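Let me begin by presenting the structure, written as structure tokens, before commenting on it.
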Amino acid sequence: MSFIKKIAIVGSPNVGKSLLFNRLTGIYAVVSNYPGTTVDVTRGKAKIGEEEYEVIDTPGMYSLLPITEEERVARKILREEKPSVVIHIIDAKNLERMLPLTFQLIEAGLPVVLALNIIDEAEKIGLAIDLPLLEKELKIPVAGTVSTTGRGIDALKGRIKEYARSR
Amino acid sequence: MPEADDTGDILEISLERIENLLKGDYGISRRSVGLLLLQEDREIITLVKNHEPESFNRIKEIIDRTKTHYREPLSYIIALDRQQEASRIAGEVIAHAPKTSLSLKEKISRMMINPISGIPIMLLILYYGIYKFVGEFGAGTVVDFIETDIFEKIINPRVTQLFASVIPWQVFRELFVGEYGVITLGVRYAVALILPIVTTFFIAFAVIEDTGYLPRLALLIDRVFKKIGLSGRAVIPMVLGLGCDTMATMVTRTLPTIRERVIATILLALAIPCSAQLGVILALLEGHSLGLWVWLGVVGLVFLLVGFLSSKILPGGSPSFYMEIPPLRLPKLSNVFIKTATRVKWYFTEIFPMFIFASVLIWAGQLTGLFGLFTNILEYPVRWIGLPDKAAVAFLFGFFRRDYGAAGLYDLKKAGLFSGNQLVVAAITLTLFLPCIAQFLMNVKERGWKTGLAISVFILFFSFSVGFAVNLLLNIMGISL
């Protein structure tokens with residue numbers, strides 16, 4: 001039995017989950033561009049503030065109602081490993097399409113932090129997202145990130161730190 | 001919570017009643033469990049059945065009653081509701097800067113998915129990426145250089161000389177530097193033949209992967225794949241199969257149903273040549289462009305036909321397919337490099353020992369006469385499809401690694417032992433022939449003994465039957481390629 005706190009990274013394939021995992025843990029894994037390649041579950045350690053966490057890169061999921069084996073595995077991790085923080089990472093460009101999973105995670109009573117990833121590409125195509133307003137609507141912490149360059153990762157870590165302390 | 005707003009009270013009331021009946025710990029909120037129950041999630045239903053034996057029937061009753069109030073499945077109603085809420089929030093928090101026209105990226109992306117422009121683009125990518133780069137450059141230029149200039153001129157004579165002076169016994173000399181020696185055959189095939197071909201393939205694959213083309217290819221191919229019981233999702237294992245079928249068989253795990261996995265496994269074992277094999281086969285058919293087309297046509301036809309038949313025979317419904325399309329990007333050099341390096345390293349460390357092992361096995365098999373026996377047996381079907389007896393050896397090797405076998409044929413071609421027709425028949429049969437030993441083991445591991453073995457036996461007979469048919473057809477029609 002270990003009492004190390006866990007962070008689970010969840011999200012649909014191809015939104016930069018594995019890269020965010022690498023950013024948090026500093027371990028390099030091969031990053032694939034194709035949806036559904038992350039069949040295995042990757043685990044690593046991260047230090048955020050003074051606290052050490054086990055970070056779990058869960059297989060891609062679209063919904064809490066699973067269709068694929070990957071989704072089933074991801075849900076099992078969420079249900080059974082009792083993560084202290086669940087980072088739901090989404091493609092900021094597709095906010096509208098990806099929010100339903102955020103709802104389901106919040107509804108499940110999980111400690112969700114929303115990471116709007118690839119926010120630079122969203123800006124490039126002319127989308128401006130009001131993060132404070134989104135935070136108010138969802139009542140969970142929200143951060144804008146770019147996992148390929150590392151932009152916003154420190155802010156995300158800050159949100160995780162605050163969040164873990166308050167719970 | 002979004003569901004509470006306007007789902008209609010029936011769903012909300014039912015949900016509340018289910019919540020009140022749930023007592024166990026499910027790791028997620030009771031509301032969440034209730035919603036999953038209403039959506040008939042099998043895993044959760046079983047879980048609840050075990051956790052709440054007394055109230056399960058009551059819960060089931062509530063679910064069944066709720067369902068009668070809606071025309072659509074409850075999962076649809078719930079999803080729709082969430083989507084509406086998502087749209088509302090997105091509408092509030094996103095400020096759009098108006099976009100006047102489609103960006104260039106978007107235009108290219110659409111062209112890749114549209115069949116009219118997409119199929120030529122796919123052929124172009126396959127032609128330059130696989131045929132030109134892997135086939136001609138990797139399997140041609142680089143292989144020639146390493147094989148002729150490095151092995152034949154420098155390494156082989158020295159090593160032979162060295163062993164001749166160190167080991168006095170002919171038998172053991174043969175183990176290292178004989179016709180099928182560990183160094184002269186095993187190491188040479190692995191380093192001179194397989195390494196450059198696989199490396200160039202992985203470079204091409206990493207570039208294609210990094211641009212985001214694969215999901216678009218998946219959408220393009222989806223309709224054809226649906227006909228053979230697969231979906232666009234199977235594009236990845238299939239394209240990977242052009243690199244290494246063993247690896248691709250492992251990747252069939254990403255397919256959602258067992259039926260799809262079995263079909264994909266059969267097709268990979270049968271009709272998708274791996275890069276090593278592809279390289280050697282392209283080299284084999286070099287200068288016979290007509291032969292290349294016949295080979296491509298027959299193998300393509302087999303792929304579609306067997307896929308179609310197995311989708312008819314195997315039980316189960318058609319797959320559904322839905323996928324995120326990532327943006328097109330210029331490939332990053334560092335990404336391509338790391339992916340290629342990792343994969344080549346993984347692949348090479350996996351196959352190198354097998355080449356050495358195969359060499360030793362062949363040596364031992366020859367010493368004991370066992371190989372002669374197998375070769376003699378195989379000579380019958382080989383003769384049957386109109387090939388010279390010597391080709392039987394290549395087919396036997398083919399089982400240890402298919403590329404090994406193809407490389408054996410390549411040696412025969414260089415010795416001028418094949419006519420055009422025989423080359424094509426040999427190339428076709430060997431493409432379809434039994435998967436290599438590694439893939440056989442992977443088939444068994446992923447699909448179980450029964451299915452894995454059945455697939456192999458089927459392929460053994462099927463490959464020679466097709467070879468026989470092609471040979472017969474060519475002869476009857478008096479065609480010589």
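Note on naming: letters A, B, ... go to the chains in the order of the sequence lines (proteins, then strands), and numbering restarts at 1 for each one. It should be emphasised that the depicted structure is a prediction, and the values quoted were computed from it without experimental measurement.
- For the pair Val93(B) and Glu135(A), the minimum side-chain heavy-atom distance is 4.5 Å or more.
- A distance of 8.0 Å separates CG in Leu36(B) from OG in Ser63(A), rounded to the nearest 0.5 Å.
- Counting heavy atoms from C-beta outward, Glu106(B) and Ile125(A) have side chains that stay 4.5 Å or more apart.
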Evaluation steps, side-chain contact (heavy atoms from CB on, under 4.5 Å), between Lys93(A) and Ile94(B): CA-CA 10 Å; Lys93(A) 296 190 301 302; Ile94(B) 298 176; over 6 Å; no
Asp25(B) vs Arg79(A), salt bridge (charged side-chain N to carboxylate O under 4.0 Å, His left out): CA-CA, chis, key distance, verdict: CA-CA 10 Å; Asp25(B) 176 14; Arg79(A) 288 203 305 109; over 6 Å; no
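- Proximity to chain B (any heavy atom under 4.5 Å) is shown, for Pro132(A), by neither the backbone nor the side chain.
- In this model, a donor atom of one side chain and an acceptor atom of the other lie less than 3.5 Å apart for Glu96(A) and Ser87(B).
- Neither the backbone nor the side chain of Leu255(B) comes within contact range of chain A; no heavy atom of the residue lies under 4.5 Å from a heavy atom of that chain.
- The contact between Gln104(A) and chain B is made by backbone and side chain atoms together, counting heavy-atom distances below 4.5 Å.
- A salt bridge links Glu107(A) with Arg82(B); the closest basic N to acidic carboxylate O contact falls under 4.0 Å.
- Residue Lys139(A) does not touch chain B at all, counting heavy-atom pairs closer than 4.5 Å.
- Of all the listed residues (Arg30(B), Gln39(B), Gln83(B)), the one sharing the greatest number of non-hydrogen pairs under 4.5 Å with chain A is Gln83(B).
- Closest approach of Leu133(A) to Glu92(B), counting heavy atoms only: CD2-O, 3.7 Å.
- Closest approach of Ala86(B) to Leu99(A), counting heavy atoms only: CB-CB, 3.7 Å.
- Summarising the geometry, atom CG belonging to Leu78(A) is positioned 10.0 Å from atom OG belonging to Ser32(B); distances are rounded to the nearest 0.5 Å.
- Put simply, the side chain of Leu138(A) reaches to within 4.5 Å of the side chain of Ile89(B), judged on heavy atoms.
- With a 6.0 Å radius and a threshold of 12 heavy atoms from other residues, nucleotides or ligands, Lys82(A) has its NZ atom above the threshold.
- Surrounding NZ of Lys23(B) are more than 12 heavy atoms belonging to other residues, nucleotides or ligands, all under 6.0 Å away.
- Proximity to chain A is limited to the side chain of Leu47(B), based on heavy atoms less than 4.5 angstrom apart.
- In terms of heavy-atom pairs under 4.5 angstrom with chain B, the leader among Thr148(A), Thr102(A), Leu65(A) is Leu65(A).
- In this structure, Arg88(B) pairs ionically with Glu137(A), as a charged nitrogen and a carboxylate oxygen lie closer than 4.0 Å.
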Worked check of salt bridge (charged side-chain N to carboxylate O under 4.0 Å, His left out) between Glu70(A) and Arg253(B): CA-CA 9 Å; Glu70(A) 284 87 30; Arg253(B) 279 181 215 162; over 6 Å; no
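- Put simply, CZ on Arg75(A) and CD on Glu43(B) are 4.5 Å apart, with the number rounded to the nearest 0.5 Å.
- Of the atoms belonging to Leu64(A), heavy atoms from both backbone and side chain fall under 4.5 Å from chain B.
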